[in-house]
Trainee: 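Below is a structure I'd like to ask you about.
As the structure lists them, so they are numbered: ligands from 1, and atoms in each ligand from 1.
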Amino acid sequence: MPWSERHRAMLREMGLRVWQPAVTFAPAPPRPRAGSETPQAVTADVPARRPTLDRDRDRDRDRDRDHDHDHDHDRLREAPPAAPSLPATAALPIDAAVVEAAAEAAEAVYRLDWPALREAVASCRACRLCEGRKQTVFGVGHEQAHWMIVGEAPGAQEDEQGEPFVGAAGQLLDAMLRALGLDRSATGDAAERVFIANTLKCRPPGNRNPQPDEMQRCEPFLVRQIQLVRPRIILAMGRFAVQALLRTSEPIGRLRGRAHRYQGVPLVVTYHPAYLLRNLPDKARAWEDLCLAAELMARNAVASAADSVIASEATDATTGAAGEERRP
Ligand code: SF4
């Protein structure tokens, strides 16, 4: 994606040296005809990656290990005890009763509208995290935003303010979004807005890692938020957001740089801004991820426009044929 001088200025503002993307996007392949799409399929059309070398895998592993211990600057300040590495939620055994209770609760949650959903989250006591929270962190942004950002769990400042991605990490996220002409306002043009939500709505005590049963119980709220927003692109930021949405234990370094899908919605994996604050070289990779998301949005817009034209032509042809049949 060629950058305008405005984007370059924004990158400089974010503390990034202006650089050219290492990858170029291949031309968009023909869009499958309606009814032939496989909603859950992982798209392989962007961008072509060079073969992964062993040293790349080692580097990715090191980066993800850093990210796991570094994804929230609040956690670093509070020097939490070393937590065991948590595999993907789906890869860990969860008590059957928890799964059953969460499934039952989900049925009710999936029928809620925005006000009822907000109320349900605010009063939720479905897991032990309710005991230590100051307040729930529902989410922020435009309720019909074209972009949705999914983070991990609230940190101390989020717990204090009731809003996700605040503090230095939030400022960095906002700067990155501004570079793409986006912001988290609740009003305005939905195409230029984001809705931001976390995987967990309550802060884990001491900012420890989320536990599988907590993620399981909280998941229906995030699912319902995605259903209501109906975003055109999802950015999953951080390991636990990726685990919740993609059900994989693959490290972020191996998942970023390509398009995934969540319930048919294109999804891009990237690093959490709090991690980026301490790993400056990866800011460039995060910017690549945002550019990938923007490219996917642009492609979808073109494909939708093409579909509209085809549908319109088909309607015209049908009308014309009917008209001809009416002629004597
Ligand atoms: S983390 Fe989620 S499931 Fe647990 S109490 Fe908070 S809102 Fe409820």
Side-chain angles (χ1 to χ4, degrees), residues 68 71-72 74-75 78 80 83-84 86-141 143 148-167 169-170 195-229 234 236-247 262-263 272 274:
D68 293 344
H71 74 284
D72 187 319
D74 290 326
R75 297 173 191 208
E78 295 187 13
L86 184 69
T89 307
L92 276 182
I94 302 176
D95 189 271
V98 172
V99 174
E100 198 174 325
E104 268 179 34
E107 288 300 313
V109 170
Y110 296 160
R111 289 193 288 270
L112 301 178
D113 59 10
W114 277 112
L117 184 63
R118 288 177 190 278
E119 175 54 36
V121 169
S123 60
C124 179
R125 303 192 69 79
C127 82
R128 64 185 83 83
L129 296 185
C130 67
E131 293 161 13
R133 73 185 178 211
K134 287 189 176 165
Q135 57 188 311
T136 54
V137 179
F138 180 79
V140 67
E143 292 178 353
M148 185 148 179
I149 293 172
V150 178
E152 302 186 311
Q157 292 183 66
E158 285 83 6
D159 184 49
E160 198 73 48
Q161 298 181 34
E163 183 170 329
F165 287 94
V166 295
F195 188 89
I196 306 174
N198 276 327
T199 306
L200 283 185
K201 311 305 184 196
C202 300
R203 179 192 179 205
N207 291 325
R208 63 158 168 75
N209 285 338
Q211 297 300 301
D213 63 312
E214 295 159 359
M215 292 176 68
Q216 180 87 31
R217 288 188 186 276
C218 209
E219 184 177 55
F221 294 134
L222 176 63
V223 171
R224 186 60 183 153
Q225 286 175 313
I226 296 173
Q227 288 173 347
L228 288 170
V229 174
I234 297 173
M237 293 187 156
R239 180 164 65 119
F240 295 105
V242 171
Q243 286 179 0
L245 295 174
L246 293 184
R247 295 286 197 269
Y262 175 82
Q263 300 291 321
H272 194 284

Trainee: What protein heavy atom sits nearest atom 6 (Fe) of ligand 1, and how far off is it?
Mentor: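 Sorting protein heavy atoms by distance from atom 6 (Fe) of ligand 1 puts C202 SG, 2.3 Å first.
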
Trainee: Atom CE in M148, atom CG in L222: separation rounded to 0.5 Å?
Mentor: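 Reported value, rounded in 0.5 Å steps: 5.5 Å.
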
Trainee: Short list, please: which atoms of ligand 1 are under 4.0 Å from a heavy atom of C124?
Mentor: 3 (S), 5 (S), 7 (S), 8 (Fe)

Trainee: Going from CZ on R128 to SG on C202, what distance comes out if it is rounded to the nearest 0.5 angstrom?
Mentor: 12.0 Å

Trainee: Parallel, tilted or perpendicular: which fits the ring planes of F195 and F138, with parallel below 30° and perpendicular above 60°?
Mentor: perpendicular

Trainee: Considering the heavy atoms of K201, write down every atom of ligand 1 situated less than 4.0 Å from one of them.
Mentor: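 Taking each heavy atom of K201 in turn, ligand 1 has 7 (S) under 4.0 Å.
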
Trainee: Is the distance from atom 4 (Fe) of ligand 1 to the nearest N/O/S atom of C130 under 2.8 Å?
Mentor: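 Given the 2.8 Å cut-off, C130 does not count as a ligand of atom 4 (Fe) of ligand 1.
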
Trainee: Rounded to the nearest 0.5 Å, what separation is found between the CG atom of L245 and the CD1 atom of I234?
Mentor: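 Rounded to the nearest 0.5 Å, the CG-CD1 separation comes to 6.0 Å.
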
Trainee: Which residue owns the protein heavy atom closest to atom 2 (Fe) of ligand 1, what's the atom, and how far is it?
Mentor: C218 SG, 2.3 Å

Trainee: With a 4.0 Å cut-off on heavy atoms, is R128 touching ligand 1?
Mentor: no

Trainee: Distance check, rounded to the nearest 0.5 Å: M215 atom CE versus L129 atom CG?
Mentor: 11.5 Å

Trainee: Should you measure from each heavy atom of R133, which atoms of ligand 1 turn up under 4.0 Å away?
Mentor: 5 (S), 6 (Fe)

Trainee: So, taking the atom named CZ in F240 and the one named CD in Q211, what distance separates them when rounded to the nearest 0.5 Å?
Mentor: 8.5 Å

Trainee: For atom 4 (Fe) of ligand 1, what's the nearest protein heavy-atom neighbour? Residue, atom name and distance, please.
Mentor: C127 SG, 2.3 Å

